[in-house]
Amino acid sequence: MYFYSSGAVEEKWDKSYLPVNSVIASIGTAFGAVLSVAVMIVAAIVLYPRGIKVDSFDQMAEMMRTPFPKWGIALFGISLGITCFGAAMEIALSISYMFGQGLGWNSTTSAPPVKEARFNTVHTAIIFAAAIPLLLGVDPIKVTTISMALTAVTLPLAIVPFLILMNDTDYVYEHTNGILGNTVVVIIMLIAFVIAVVAIPLQFLGGS
């Protein structure tokens, strides 16, 4: 969200970009949702009958090896690498933008790193800091699960300000959210928050 909006500011988008971004946001969200549901369905079909409780990435790879015996593992590895790399870069850049914009620095990926030293230093430091738990032997699956739950818990703090702005006619003029859009956002936010509140204690108590 911060990464996307910061890119809009950096590239100087105007209201002519609204239609194409509405399409991109809709298709992107639908695509991600379909993939998430597909992963859960495949996991249920492949792993549940075998009684496999996923505790490591090699167990997750079984989802791909069953339908694709010869190259399923390689396909899983490539997919995992692409998604993890993309998520890591997006999160690191988002944090860099938050630091830069919050402290009033020039924050852009377009200029050479030497001209945006503070912005790029934060970006690099975040990547190295994120690697420390893994180097210490922390389970990456548990880190991922807990971080997702914490993200959902903090979702209202991130979404509510945007929701207010997107309904402010002084800010977005006639392009405010409709009743349907506001309702969907609030319902999804509340569901994610409730699930996360339940999931975090289960993670620390050894549940799944």
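The first residue in the sequence is number 1, and the count goes up from there. Because the structure is a prediction, the values reported are computed rather than measured.
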Pairwise side-chain hydrogen bond (donor to acceptor under 3.5 Å, both in side chains) hits with a residue in [range], at least two apart:
range: residues 71-86; answer: none
range: residues 172-193; answer: Asn167-Asn182, Asn177-Asn182
range: residues 27-49; answer: none

Show me the pairs that pass salt bridge (Lys or Arg N to Asp or Glu O under 4.0 Å) and involve residues 59-87, at least two apart or across chains.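 Salt bridge (Lys or Arg N to Asp or Glu O under 4.0 Å) check on residues 59-87 returns Arg50-Glu62, Glu62-Arg65.
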
Evaluate the side-chain contact (heavy atoms from CB on, under 4.5 Å) criterion for residues Leu150 and Ile146: first the C-alpha distance (whole Å), next the side-chain angles of each, then the deciding distance (0.1 Å), finally the verdict. CA-CA 6 Å; Leu150 290 174; Ile146 293 174; 3.9 Å; yes

Same apolar cluster (I L V M F W Y, side chains within < 4.5 Å links), [X]/[Y]:
X: Ile24; Y: Trp13; result: yes
X: Met89; Y: Ile91; result: no
X: Leu80; Y: Phe68; result: yes
X: Met60; Y: Val39; result: yes

Would you please name every residue forming a side-chain hydrogen bond (donor to acceptor under 3.5 Å, both in side chains) with Asn21, sequence neighbours left out?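 For Asn21 the side-chain hydrogen bond (donor to acceptor under 3.5 Å, both in side chains) partners, ignoring immediate neighbours, are Tyr4.
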
side-chain hydrogen bond (donor to acceptor under 3.5 Å, both in side chains) involving Trp105 - partner list, sequence neighbours excluded: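 With neighbours one apart ignored, the set is empty.
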
Enter the distance from Met63:CE to Ile41:CD1 here, rounded to the nearest 0.5 Å.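 Here the interatomic distance stands at 12.0 Å.
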
First locate atom CD of Glu11, then atom OG of Ser6, and finally report the distance between them rounded to the nearest 0.5 Å.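 If we round to the nearest 0.5 Å, Glu11:CD and Ser6:OG are 11.0 Å apart.
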
Taking transitive links into account, so neighbours of neighbours count too, which hydrophobic residues share a cluster with [X] at under 4.5 Å side-chain distance?
X: Leu135; answer: none
X: Val114; answer: none
X: Met166; answer: Leu165, Tyr171, Val172
X: Ile195; answer: Ile187, Ile191

Using every non-hydrogen atom in the two residues, find where [X] and [Y] come nearest and quote the distance to one decimal.
X: Pro133; Y: Ala130; result: CD-O, 3.3 Å
X: Pro161; Y: Pro156; result: CD-O, 4.0 Å
X: Ser147; Y: Thr144; result: OG-O, 2.8 Å

State, with a plain yes or no, whether a side-chain heavy atom of Leu163 is found less than 4.5 Å away from one of Val186.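 Leu163 vs Val186: side chains touch.
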
Close side-chain approach of Leu18 to Lys15, heavy-atom, < 4.5 Å: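 Touching, per the 4.5 Å side-chain cut-off.
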
Determine whether Phe128 and Ile132 satisfy the following criterion, side-chain contact (heavy atoms from CB on, under 4.5 Å), listing intermediate values before the conclusion. CA-CA 7 Å; Phe128 279 104; Ile132 292 176; over 6 Å; no

Can you check whether Phe119 and Tyr97 have ring centres sitting under 6.0 Å from each other?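 That pair passes the under 6.0 Å test.
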
For Met64 and Ile73, run side-chain contact (heavy atoms from CB on, under 4.5 Å): C-alpha distance rounded to whole Å, both residues' side-chain angles, the deciding distance at 0.1 Å, then the answer. CA-CA 6 Å; Met64 298 299 295; Ile73 299 297; over 6 Å; no

Could you check Glu116 against Ser107 for side-chain contact (heavy atoms from CB on, under 4.5 Å), going step by step and ending with a plain yes or no? CA-CA 7 Å; Glu116 302 292 343; Ser107 304; 5.6 Å; no

Just checking Met148: does its CE atom have more than 12 heavy atoms from other residues, nucleotides or ligands closer to it than 6.0 angstrom?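 Incorrect, the count does not exceed 12.
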
Just wondering, more than 12 heavy atoms not from Leu136 lying within 6.0 Å of its CG?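 Buried by this count: over 12 neighbours within 6.0 Å.
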
Output all residues satisfying side-chain contact (heavy atoms from CB on, under 4.5 Å) with Val184, sequence neighbours left out; order by chain, then residue number.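 Partners of Val184 under the side-chain contact (heavy atoms from CB on, under 4.5 Å) test: Leu180, Ile188.
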
Using the side-chain contact (heavy atoms from CB on, under 4.5 Å) criterion, which residues pair with Ser110? Sequence neighbours excluded.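 Ser110 satisfies side-chain contact (heavy atoms from CB on, under 4.5 Å) with Glu10, Thr108 once adjacent residues are dropped.
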
Please say which of Ile164, Thr154, Val185 ends up in a side chain to side chain contact (heavy atoms under 4.5 Å, CB included) with Ile159.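 Among the candidates, only Val185 passes.
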
